[in-house]
Q: 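One structure coming up, written as structure tokens, with questions to follow.
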Amino acid sequence: MEWKPVQLDVSYPPDLVLTNNLDARWCADRSSFLIQCENGAFQLFNLSRPEGTQFSAKHKRTFSQSSAVVNFAWYPGAPPNNPPAYCFVASVRDCPVKLLDASDGRLRASYPIIDHRERFIAPHSLAFNLTANKLYCGFEDAIEKFDIQQPGEGDRLPTAPSKKSKDGLKGKILGFLDRTNHSFLHSYDYYAIGSLTPSSQAMDNIALYSESNQAAIMPIGGAYSHSGVTQLNFNPTKPHILYAAFRRHDAIYAWDLRSDTSVPVKVFRTSPDSRKTLTNQKIEFDIDYAGRWLSVGDQNGRVSMFDLGDSDESDSQQSTVISPQNIAPKMAFDAHGGKCTKHTCSSLYN
């Protein structure tokens, strides 16, 4: 039987299942999700829907950590009914990167990143490659690459030739789908890296890297946000489309990697008044499995959804993009009252 992605109905707002102001991420089959807490712990919730009722979230376990949690990521394809794959990696301050079992929280393996003073580095970003046998960790001016099946020290890839060099990407490196100061996303043989260091006319802060030869192959720019990158994401069904969010910036930019990457093809703007969206919070966005809907939250507790549709394909027919097309939300709704500290909007209707 051919698998088809879920078609989301955006004619009405979704039901509220759980209210929290923390960072939550779904496992592969969306049957459970993991929450990063401010007290240095993870909380695991199971999602259920008895016949004739609404979805409900039930707390299952709490995994306490020895220090503050910097970032975490599920292992690709991690459903509860597949115990060997039901795990996640966590970046904890002053500790090696941990591979933790999601069923009981036990440590399966550790991957140390050590600086020149022999201290553990907690990476700001974590990402798996498409075959899920390599783990990429982003931190200051470098990426550390680990073989999942061989715990221990990894291979370091500097993103800049030297501290004084003006070439390459400088700053902290954010990981797959999110967080802090550099971010990279895998798609086929390449991945994108973004730096929290603000871009300028002389230097872009996003680049495309080759996984096979571990070298930069293409700069990506033209956002003119002059801000650091906080998140990168590829479209799941159109891996040639790359999206980026920036610090203290209200728009999400999209590039078609098959054409001129010096200018974005689309700009998804949540508010016509950018002065209302200048926040230090990490505004996160997500794209559904079908690559049709992009959702993003804001500091006012609202979620905006953009219809990607077939518009990305039309961009490939343009040999030269003079100016990006501005896209307005197809739908917006109040997720909850008050300010949000994190905005992870993943598969809202699944």
Q: Does the pair Asp298 and Arg302 meet the rule for a salt bridge (charged side-chain N to carboxylate O under 4.0 Å, His left out), with working shown?
A: CA-CA 6 Å; Asp298 63 26; Arg302 287 184 63 80; 5.1 Å; no

Q: Check whether His59 reaches the backbone of Arg61 with its side chain - one donor and one acceptor, N or O, closer than 3.5 Å.
A: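 Yes; at least one donor-acceptor contact below 3.5 Å.
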
Q: Drop me the distance from Ile121's CD1 to Ser91's OG, to the nearest 0.5 angstrom.
A: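 Taking CD1 in Ile121 and OG in Ser91, the distance rounds to 10.0 Å.
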
Q: Evaluate the side-chain proximity of Gln43 to Cys37: yes if any heavy-atom separation is below 4.5 Å, no if none is.
A: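 A side-chain contact exists here, since the closest heavy-atom pair is under 4.5 Å.
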
Q: Taking the side chain as everything from C-beta on, heavy atoms only, tell me whether Ile143 gets closer than 4.5 Å to Cys137.
A: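 No. Closest side-chain heavy atoms not under 4.5 Å.
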
Q: May I have the step-by-step check of side chain to side chain donor-acceptor pair (under 3.5 Å) for Gln65 and Lys98, ending in yes or no?
A: CA-CA 10 Å; Gln65 303 301 311; Lys98 302 178 180 181; 3.1 Å; yes

Q: Would you say Phe120 and Tyr136 are hydrophobically clustered, going by side-chain heavy atoms of ILVMFWY under 4.5 Å?
A: no

Q: In Å and rounded to the nearest 0.5 Å, what is the CZ to CG distance from Arg248 to Asp250?
A: 11.5 Å

Q: Determine, step by step, whether Trp255 and Ile241 satisfy the side-chain contact (heavy atoms from CB on, under 4.5 Å) criterion, reporting the C-alpha distance in whole Å, the side-chain angles of both residues, the deciding distance to 0.1 Å, and the verdict.
A: CA-CA 6 Å; Trp255 290 265; Ile241 302 295; over 6 Å; no

Q: Check the hydrophobic clustering (I, L, V, M, F, W, Y; side-chain heavy atoms under 4.5 Å; chains of links allowed) and say if Phe234 and Ile217 are grouped together.
A: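 Same hydrophobic cluster.
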
Q: Is the closest basic N to carboxylate O distance between Asp155 and Lys145 below 4.0 Å?
A: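 Lys145 and Asp155: not salt-bridged.
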
Q: Does Asp307 pair with Arg292 as a salt bridge, N-O distance under 4.0 Å?
A: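 Yes, charged N to carboxylate O under 4.0 Å.
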
Q: Which heavy atom of Ala28 sits nearest to which heavy atom of Gly77, and what is that distance?
A: CB-CA, 3.5 Å

Q: Flag the pair Tyr209 / Met218 as yes when at least one side-chain heavy-atom distance between them is below 4.5 Å, and no otherwise.
A: no

Q: What's the spacing between Tyr111 OH and Glu153 CD if we round to 0.5 Å?
A: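 Here the rounded value is 14.0 Å.
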
Q: More than 12 non-hydrogen atoms from neighbouring residues, nucleotides or ligands closer than 6.0 Å to CZ on Arg108, yes or no?
A: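 Counting neighbours around CZ of Arg108, more than 12 heavy atoms of other residues, nucleotides or ligands fall under 6.0 Å, so yes.
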
Q: Minimum heavy-atom separation for Ala102 to Trp74, with atom names?
A: CB-CZ3, 3.7 Å

Q: Report the C-alpha distance between Leu47 and Arg30 in whole Å, list the side-chain angles of each, state the deciding distance to 0.1 Å, and finish with yes or no for side-chain contact (heavy atoms from CB on, under 4.5 Å).
A: CA-CA 8 Å; Leu47 194 66; Arg30 301 307 200 254; 5.9 Å; no

Q: Output the distance between atom CG (Asp101) and atom OH (Tyr75), rounded to the nearest 0.5 Å.
A: 13.0 Å

Q: Between Tyr191 and Leu232, is a side-chain contact (heavy atoms from CB on, under 4.5 Å) present by the stated rule, with each step listed?
A: CA-CA 10 Å; Tyr191 56 95; Leu232 294 173; over 6 Å; no

Q: Check the pair Ser67 / Val92 against side-chain contact (heavy atoms from CB on, under 4.5 Å), numbers first and verdict last.
A: CA-CA 6 Å; Ser67 189; Val92 180; 3.9 Å; yes

Q: When you check the side-chain N and O atoms of Ser32 and Tyr86, is any donor under 3.5 Å from an acceptor?
A: yes

Q: Find the distance between OG (Ser227) and CG (Asn205) and round it off to the nearest 0.5 Å.
A: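 The OG atom of Ser227 sits 8.5 Å away from the CG atom of Asn205.
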
Q: Are any of the side-chain heavy atoms of Phe72 and Val89 separated by less than 4.5 Å?
A: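 Side-chain contact under 4.5 Å: no.
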
Q: Would you mind reporting whether Pro123 and Ile113 have side-chain heavy atoms less than 4.5 Å apart?
A: yes

Q: Cation-pi check, Arg25 to Phe33: give yes when NZ or CZ is under 6.0 Å from the six-membered ring centre and within 45° of the ring axis, no otherwise.
A: no

Q: Where do Asp147 and Asn133 come nearest, in terms of heavy atoms and distance?
A: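 Closest heavy-atom pair between Asp147 and Asn133: OD1-O, 3.6 Å.
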
Q: How close do Thr270 and Val296 get, counting heavy atoms only, and between which atoms?
A: CG2-CG1, 3.5 Å

Q: Just verifying a value: how many Å separate Leu107 CG and Cys95 SG, rounded to the nearest 0.5 Å?
A: 10.0 Å

Q: Kindly assign one of parallel, tilted or perpendicular to the pair Tyr253 and His249, based on the angle between their ring planes and the thresholds 30° and 60°.
A: parallel

Q: Ring-plane angle category for Phe88 and Phe42, please: parallel below 30°, perpendicular beyond 60°, tilted otherwise.
A: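 The rings of Phe88 and Phe42 stand perpendicular, inter-plane angle above 60°.
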
Q: Please tell me if the side chains of Leu100 and Phe63 come closer than 4.5 Å, counting only heavy atoms from C-beta onward.
A: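 No, side chains not in contact.
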
Q: Regarding Asn235 and Tyr243, is there a side-chain donor-to-acceptor distance under 3.5 Å anywhere?
A: yes

Q: Is there side-chain contact between Ile327 and Val267, with heavy atoms separated by less than 4.5 Å?
A: no

Q: Compare all side-chain heavy atoms of Ser304 with those of Ser295 and state whether any distance is below 4.5 angstrom.
A: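 No, every pair of side-chain atoms sits at 4.5 Å or beyond.
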
Q: Are Arg269 and Phe306 in a cation-pi setup, meaning NZ or CZ lies under 6.0 angstrom from the ring centre and within 45 degrees of the ring axis?
A: no

